[in-house]
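Just so it is clear, the structure is predicted and the values come from calculations on it, not from any experiment.
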Amino acid sequence: MRIGELSRRTGVSQRSLRYYEEQGPLTPTRLPNGYRDYDEHTVTTVRRIQVLLSAGLGTSAVAEILPCAVDDSVVLSGKCPELVDGLAKERRRINVAIDNLIAARDILDSLVGRPLVDVHVNVALARFS
């Protein structure tokens, strides 16, 4: 199938599909005329990419994870030992980002309505430098 049909069937823009190809998670074959050609399984792959991206993973992490996703009935099945380690690492990264955002929100909350001379910067700001 061509990129337009894949876009229509998955709800993912053609631009995003080209980006996935550029970043590695998607690898279409090329026809002699240079057009991209996708097989039926690519629909499942694109849906899986979308779920993984929505979970906060970057395209490079998604490209590493996809070869481990061999069961089309689930998003991930843990067939590769490095998959669990990689997802745990990404989860830790996301938790650090959440902690930093909460600290920033707390600082903002403490600033509302306070005179500038009374504001003492919290140690949490050091996380952002």
**Q.** Heavy-atom pair with the smallest gap, counting every atom of P25 and T45
**A.** O-CG2, 4.3 Å
Q | Partners passing salt bridge (charged side-chain N to carboxylate O under 4.0 Å, His left out) against R15 (at least two apart in sequence or in another chain) | A | none
Q | Non-hydrogen side-chain atoms of N95 and R91 separated by less than 4.5 Å | A | yes
(Q) Just so I know, are the side chains of R47 and V43 near enough to count as touching, which here means a heavy-atom distance under 4.5 Å? (A) yes
Q. Do L57 and L87 come close enough that some side-chain heavy atom pair is under 4.5 Å?
A. yes
Q.
Can you tell me if R18 has over 12 outside heavy atoms packed within less than 6.0 Å of its CZ?
A. yes
(Q) Please report the interatomic distance CG(D37) to CD1(I3), rounded to the nearest 0.5 Å. (A) 11.5 Å
Sequence neighbours excluded and cut-off under 3.5 Å, please list the side-chain donor-acceptor pairs for residues 59-68, or say none.
none

Q. Are any non-hydrogen side-chain atoms of M1 and R8 less than 4.5 angstrom apart?
A. no
Q | Euclidean distance, Q23 CD relative to L53 CG, rounded to 0.5 Å | A | 10.5 Å
Q: Considering non-hydrogen atoms only, spot the tightest contact between S16 and V12 and give its length.
A: CB-CG1, 3.5 Å
**Q.** Heavy atoms of other groups near R2 CZ, more than 12 under 6.0 Å
**A.** no
Q) What's the shortest heavy-atom distance between I94 and A55, and which atoms? A) CD1-O, 3.4 Å
Q.
A side-chain contact here means heavy atoms from C-beta on lying under 4.5 Å apart; do L17 and R36 qualify?
A. no
(Q) Looking at every non-hydrogen atom in both residues, tell me the closest pair between G56 and E90 and how far apart they are. (A) O-OE1, 4.4 Å
Q.
I'd like to check Y38 versus T10 (side-chain heavy atoms, cut-off strictly below 4.5 Å). Are they in contact?
A. no
**Q.** Polar side-chain atom of D99 near backbone of I102 as donor-acceptor pair, under 3.5 Å
**A.** no
